[in-house]
Peer 1: 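The following block contains the structure, expressed as structure tokens.
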Amino acid sequence: MALSWNEIKERATKFSTTWKDACNEDSEAKEFLVGFFNIFGREERVGTFEKRVKKLDTADGYIDYFWKGNILVEMKSRGKDLDKAYKQAMDYLHGVPDHELPQVVMVSDFDKFIVYHLNDEKKSEFRIHELVSNVEMFGFLAGYQKKIYKEQDPVNIKAAEHMGKLHDSLKAIGYVGHDLEVYLVRLLFCLFAEDTGIFNKQQFQDYIEERTHCDGSDLAGRLQELFQVLNTDNDKRFKNIDIQLGAFPYINGKLFEEMLPTASFDSKMRTALLECCYIDWSKISPAIFGSMFQSVMNPVERRNLGAHYTSEKNIMKLIKPLFLDDLWKEFETVKNNEKKLEAFHIKLSTLKFLDPACGCGNFLIISYRELRFLELEVIRNLNKEGQRFFNIKDMILLTIDHFFGIEYEEFPARIAGVAMWLMDHQMNMLVSQEFGEYVCNIPLKKSATIVNGNALQIDWETVVPKNELSYILGNPPFIGKQLQNEQQKADMELVFGKSSGTGVLDYVTAWYIKAARYIQNSTIQCAFVSTNSISQGEQVGILWDILFKQFTIKIHFAHRTFKWGNEAKGNAAVHVVIIGFANFDRAEKYIYEYEDIKGEPHEIKVKNINPYLVEGSDFALNTVRKPICNVPEILFGSKLVDDGNFLFTEEEKIDFIDKEPTSNKFFRLILSGDEFLNGKKRWCLWLKNISPSELRESKLVTERVKKVKEFRLKSTKIPTQKAANFPTLFAELRQPESDFLLVPLTSSENRNYIPLGFFSKNYIVTNSCSVIANATIFHFGILTSLMHMSWVRNTCGRLKSDFRYSNTIVYNNFPWPENPSDDKKNAVETAAQKVLDVRLKYPDSSLADLYDPNTMPADLVKAHNELDKAVDGCYRKEPFKSEAARMEFLFELYEKYVGK
């Protein structure tokens with residue numbers, strides 16, 4: 001255990017008094033240095049006296065004292081030239097390997113000390129009687145200061161790559177599965193321990209370098225011995241244990257309890273482990289390395305290391321509104337009242353947290369760290385007068401055994417448990433530095449409870465009783481309905497039971513139901529990161545009807561759609577929301593709105609939050625087959641299912657007609673969303689009214705029809721096989737008999753408006769679009785307005801972040817203006833026609849170009865602005881100040897129309 005600063009200063013005072021008259025370099029240097037290092041509790045042999053090295057001129061040199069990675073000392077007799085001594089010391093460094101270079105060079109003549117800090121090139125000088133005032137610069141010798149290696153990277157992707165090499169080597173020799181995972185976790189602990197004061201500085205590295213052969217032949221056995229020692233109480237160790245091995249502390253915590261098969265190492269594997277030792281592990285957050293090293297286990301993921309862990313910044317977006325902001329506010333109100341502050345401190349110590357999809361424990365780790373920061377501030381305020389506490393350790397009330405997790409995979413579950421220990425130790429070191437008293441919970445007596453199992457099958461009450469729990473939080477897996485395996489589908493059935501329509505739901509929704517059921521009649525608050533699909537489109541009505549009606553859930557806060565992940569290269573684009581909820585209501589509710597999904601949100605205080613994450617009542621739109629207002633119906637376009645046999649480019653069409661001129665009459669222009677938005681031209685064979693004789697005479701057309709039939713017959717889908725009976729037709733035929741308004745189903749989120757267009761019935765429309773037959777210019781004006789776009793943004797589904805227009809959710813539920821006057825309708829029609837007229841001025845520009853915010857012509861912007869004003873006027877006289885105001889109005893109007 002490290003000495004307190006008071007003990008160090010007492011020893012420094014005694015040392016200064018003893019050596020104030022010393023002057024003989026030759027006879028007393030070693031004794032002097034032994035006394036010096038004793039000040040910092042380094043009675044044991046941690047360095048080397050008379051260390052031999054090769055100087056620049058290749059001659060042998062002898063360093064008076066060298067502790068690799070930490071300090072080099074050169075002693076001279078009193079009054080000698082210390083600048084010369086420094087030059088001599090620097091010459092010695094030429095013969096020292098890079099990873100052993102010290103952070104400090106000290107030269108002394110027994111009275112004067114000159115300390116050179118190599119990392120920041122600072123120089124400190126003092127006399128021996130001033131040593132007690134300067135001991136803090138040597139805090140790293142006592143384990144208080146983080147060691148900084150020259151030219152070392154922080155533990156990051158480089159560290160993961162080194163561990164990856166070791167993992168692959170062990171796996172290659174047949175050391176696999178559970179044993180390998182536990183083995184790696186133990187090594188990770190040892191690497192972290194020697195850089196953070198759990199072990200002595202470089203203790204693990206020294207053990208490998210000094211007690212194992214370069215060929216690695218005995219390394220596995222030595223590690224096995226070490227693991228056994230780390231699991232054995234000091235009183236129960238063999239009396240004749242090797243001194244270097246016996247210096248390791250007793251760890252406990254069951255980390256080293258299981259007996260593993262002895263591994264096998266060679267020289268390359270030994271080198272790989274030492275390369276891990278040469279990195280400064282004190283600089284990584286345990287919250288990061290957990291996820292990063294989980295990637296080590298997967299060679300595919302390792303190619304994109306860093307892209308799979310959750311950034312702390314995004315974790316904070318969840319925990320701050322869930323509990324942290326409120327706790328800090330409460331602290332500010334009680335910090336000047338000692339009794340209330342002590343009660344608040346006790347309250348902090350009783351809080352308990354569950355992450356039912358904890359992975360490597362990121363959310364639990366960061367939550368614990370932030371609570372310890374808050375507790376540190378509490379202790380500072382309780383100790384304002386100074387020296388109030390006899391034992392600072394007694395003032396630390398927060399413990400990691402109040403944190404619970406459930407994780408499906410074993411390796412991340414083990415990482416989570418170890419990472420919680422490491423975060424606990426890091427926070428203890430922070431307290432140690434603050435109050436000058438060493439705090440270390442070794443041997444481990446308390447630990448987080450991380451259950452390895454399926455959270456959707458486990459009764460959460462068996463993990464932590466709900467009457468003890470305060471918060472549920474986490475980032476459950478994002479798996480859409482199409483990607484769920486059989487086990488996951490079974491999990492969904494288990495959680496949702498006989499609820500109808502749940503087959504379309506994302507896997508993450510099961511955690512909402514499980515949590516809602518668990519928190520009934522409690523004050524537990526929850527928050528999950530989720531795919532934004534649960535607050536858009538068809539999933540909303542299904543999921544939130546259950547949450548509202550069966551479990552009376554209230555949404556307390558919500559982050560609207562933003563990009564989730566970190567800044568790592570190759571990070572996948574995942575668009576998410578965060579929803580905080582409980583089984584009780586609260587007065588203050590907040591929505592966090594993002595103007596840029598990659599940017600920062602702004603906070604909006606609201607009265608209530610609906611499941612579309614805007615202000616509104618607790619209801620969700622359901623799928624309806626007919627519009628709720630008196631407007632034309634909307635239908636999907638036709639679906640080909642033809643393997644491309646009916647489709648032609650302009651060139652392909654010309655070539656086909658050249659070969660078979662009679663086919664010309666069967667060609668029609670076809671429109672998909674791509675052709676419509678990007679101004680492309682494509683043709684199709686439209687054989688709806690072809691006679692048998694015409695088909696028989698058109699051999700090339702017949703060949704195409706046969707290929708369509710063959711393709712459909714090979715399908716595993718019954719409807720497609722049935723469509724093979726009608727190979728001349730599109731598989732699903734919904735071509736309008738009259739002219740129509742076309743609505744592309746997918747459109748970029750960057751557009752302020754979804755482009756719409758009128759077409760004659762001779763254009764064939766595919767199912768990537770919807771059509772509104774007999775639509776008027778008024779209908780066009782309303783649908784291409786900012787009012788409708790606000791509705792779209794908040795109710796439609798998304799493909800990544802792009803709009804996915806829905807007939808049955810968006811269009812059919814849209815509340816059209818209530819009985820607008822003829823004048824107001826005429827205003828809309830005039831403005832809508834102006835939009836169409838302006839578009840015609842740019843025949844060489846596609847709609848994608850015209851509606852790109854960066855290239856949209858000024859006159860088109862103006863025309864749309866005029867249309868927006870006209871449409872707003874159909875709804876009410878007062879202007880809408882924001883999209884939130886529009887949505888609040890539209891939801892109220894919707895409720896009026898449907899009688900909710």
Peer 1: When you check the side-chain N and O atoms of Tyr753 and His788, is any donor under 3.5 Å from an acceptor?
Peer 2: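 No, His788 and Tyr753 have no side-chain donor paired with an acceptor closer than 3.5 Å.
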Peer 1: For residues Arg793 and Tyr612, is any side-chain donor paired with an opposing acceptor at under 3.5 Å?
Peer 2: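 Tyr612 and Arg793 do not have a side-chain donor-acceptor pair below 3.5 Å.
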Peer 1: Does the Asn812 side chain pair with the main chain of Val624, one donor and one acceptor, at a distance under 3.5 Å?
Peer 2: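 Present.
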Peer 1: Taking the ring centre of each residue, are Trp791 and Tyr811 less than 6.0 Å apart?
Peer 2: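 No.
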Peer 1: Pairing donors with acceptors under 3.5 angstrom, does anything connect the side chains of Gln484 and Asp491?
Peer 2: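 There is no such pair between these side chains.
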Peer 1: Okay, side chain of Asp852, backbone of Asn854: is any donor-acceptor separation there less than 3.5 Å?
Peer 2: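 Answer holds: yes.
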Peer 1: Closest heavy-atom contact between Asn314 and Lys563?
Peer 2: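 Closest approach of Asn314 to Lys563, heavy atoms only: ND2-O, 4.2 Å.
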Peer 1: Quick one: does Met787's side chain get under 4.5 Å of Ile782's, heavy atoms only?
Peer 2: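 No, their side chains stay 4.5 Å or more apart.
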Peer 1: Hey, does Thr808 have a side-chain heavy atom less than 4.5 Å from the side chain of Glu538?
Peer 2: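 Glu538 vs Thr808: side chains apart.
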Peer 1: Is there a side chain to side chain contact (heavy atoms under 4.5 Å, CB included) between Ile534 and Phe528? Walk through the geometry before answering.
Peer 2: CA-CA 11 Å; Ile534 76 162; Phe528 289 137; over 6 Å; no
Peer 1: Taking the six-membered ring for Trp, is the centroid-to-centroid distance between Phe730 and Trp686 below 6.0 Å?
Peer 2: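 They qualify: ring centres under 6.0 Å apart.
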Peer 1: With a 4.5 Å cut-off on side-chain heavy atoms, are Pro632 and His779 touching?
Peer 2: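 Touching, per the 4.5 Å side-chain cut-off.
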Peer 1: Taking the side chain as every heavy atom from C-beta outward, state whether Leu783 and Ile772 have any atom pair closer than 4.5 Å.
Peer 2: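 Yes; the side chains approach each other to less than 4.5 Å.
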Peer 1: Within a strict 4.5 Å, meaning less than it, do heavy atoms of the Glu749 and Ile597 side chains meet?
Peer 2: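 Yes, at least one pair of side-chain atoms sits under 4.5 Å.
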Peer 1: Over 60° means perpendicular and under 30° means parallel, so tell me whether Phe548 and Trp544 are parallel, tilted or perpendicular.
Peer 2: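 Geometry flag for Trp544 against Phe548: tilted rings.
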Peer 1: Side-chain polar contacts of residues 830-837 - donor-acceptor pairs under 3.5 angstrom, sequence neighbours left out - could you list them?
Peer 2:
| unit_1 | atom_1 | unit_2 | atom_2 | d |
| --- | --- | --- | --- | --- |
| Thr830 | OG1 | Asn826 | O | 2.9 |
| Gln833 | NE2 | Asp837 | OD1 | 3.0 |

Peer 1: Test Val701 against Glu660 for side chain to side chain contact (heavy atoms under 4.5 Å, CB included), laying out the working first.
Peer 2: CA-CA 9 Å; Val701 173; Glu660 193 164 80; 3.5 Å; yes
Peer 1: Under a 3.5 Å distance rule, please check whether Ser768 uses its side chain to pair with a backbone N or O of Gly673 as donor and acceptor.
Peer 2: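 Such a contact is found between Ser768 side chain and Gly673 backbone.
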Peer 1: With a 3.5 Å distance limit and no angle check, can you tell me whether Asp643 reaches the backbone of Phe711 through a side-chain donor-acceptor pair?
Peer 2: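 No.
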Peer 1: Can you give me the closest heavy-atom contact between Lys653 and Asn664, atom names plus distance?
Peer 2: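 Distance-wise, the nearest heavy atoms are CE-OD1, 4.4 Å.
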Peer 1: Under the side chain to side chain contact (heavy atoms under 4.5 Å, CB included) criterion, do Phe636 and Glu732 qualify, and how do the steps go?
Peer 2: CA-CA 10 Å; Phe636 288 118; Glu732 297 177 15; over 6 Å; no
Peer 1: Quick one: are Leu867 and Thr784 in side-chain contact, heavy atoms under 4.5 Å?
Peer 2: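 They are in contact (side-chain heavy atoms under 4.5 Å apart), so the answer is yes.
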Peer 1: With distance as the sole test, does Arg712 use its side chain to make a donor-acceptor pair with the main-chain N or O of Ala723 at under 3.5 Å?
Peer 2: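 Between the backbone of Ala723 and the side chain of Arg712 there is a qualifying donor-acceptor contact (under 3.5 Å).
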Peer 1: Taking the six-membered ring of Phe778, is the NZ or CZ of Lys825 close enough (under 6.0 Å from the centre) and on axis enough (within 45°)?
Peer 2: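 The answer is yes, since Lys825 meets both limits relative to Phe778.
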Peer 1: Would you check if the side chain of Tyr897 reaches a backbone N or O of Trp816 as a donor-acceptor pair within less than 3.5 Å?
Peer 2: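 Yes.
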Peer 1: When you measure from the side chain of Thr855 to the backbone N and O of Asp849, does any donor-acceptor pair fall under 3.5 Å?
Peer 2: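 At least one qualifying donor-acceptor pair exists.
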Peer 1: For the backbone of Lys680 and the side chain of Asn678, can you confirm whether one donor and one acceptor N or O come within less than 3.5 Å of each other?
Peer 2: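 Checking the backbone N and O of Lys680 against the side chain of Asn678, no donor-acceptor pair under 3.5 Å is found.
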Peer 1: Are the side chains of Arg682 and Ser672 in touch, meaning some heavy atoms are under 4.5 Å apart?
Peer 2: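 In short, these two side chains touch, coming nearer than 4.5 Å.
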Peer 1: Donor-acceptor pairs under 3.5 Å, side chain of residues 735-746 to any protein atom, not counting sequence neighbours: which ones?
Peer 2:
| unit_1 | atom_1 | unit_2 | atom_2 | d |
| --- | --- | --- | --- | --- |
| Gln735 | OE1 | Val765 | N | 3.2 |
| Gln735 | NE2 | Lys761 | O | 3.1 |
| Gln735 | NE2 | Tyr763 | O | 2.6 |
| Glu737 | OE2 | Lys688 | NZ | 3.4 |
| Ser738 | OG | Asn774 | OD1 | 3.2 |
| Asp739 | OD1 | Lys761 | N | 2.9 |
| Thr746 | OG1 | Arg804 | NH1 | 2.7 |

Peer 1: With no hydrogens and no angle check, is any side-chain donor or acceptor of Lys171 less than 3.5 Å from a backbone partner on Val176?
Peer 2: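 Answer holds: no.
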Peer 1: For the pair Tyr512 and Asp506, evaluate side-chain hydrogen bond (donor to acceptor under 3.5 Å, both in side chains) and give the outcome as yes or no after the intermediate values.
Peer 2: CA-CA 11 Å; Tyr512 278 82; Asp506 191 287; over 6 Å; no
Peer 1: Would you say the side-chain atoms of Glu407 pair up with the backbone N or O of Glu409, donor to acceptor, closer than 3.5 Å?
Peer 2: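 It does hold such a pair.
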Peer 1: Which pair of non-hydrogen atoms, one from Ser698 and one from Phe666, has the smallest distance, and what is that distance?
Peer 2: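 Closest approach of Ser698 to Phe666: OG-CE1, 4.1 Å.
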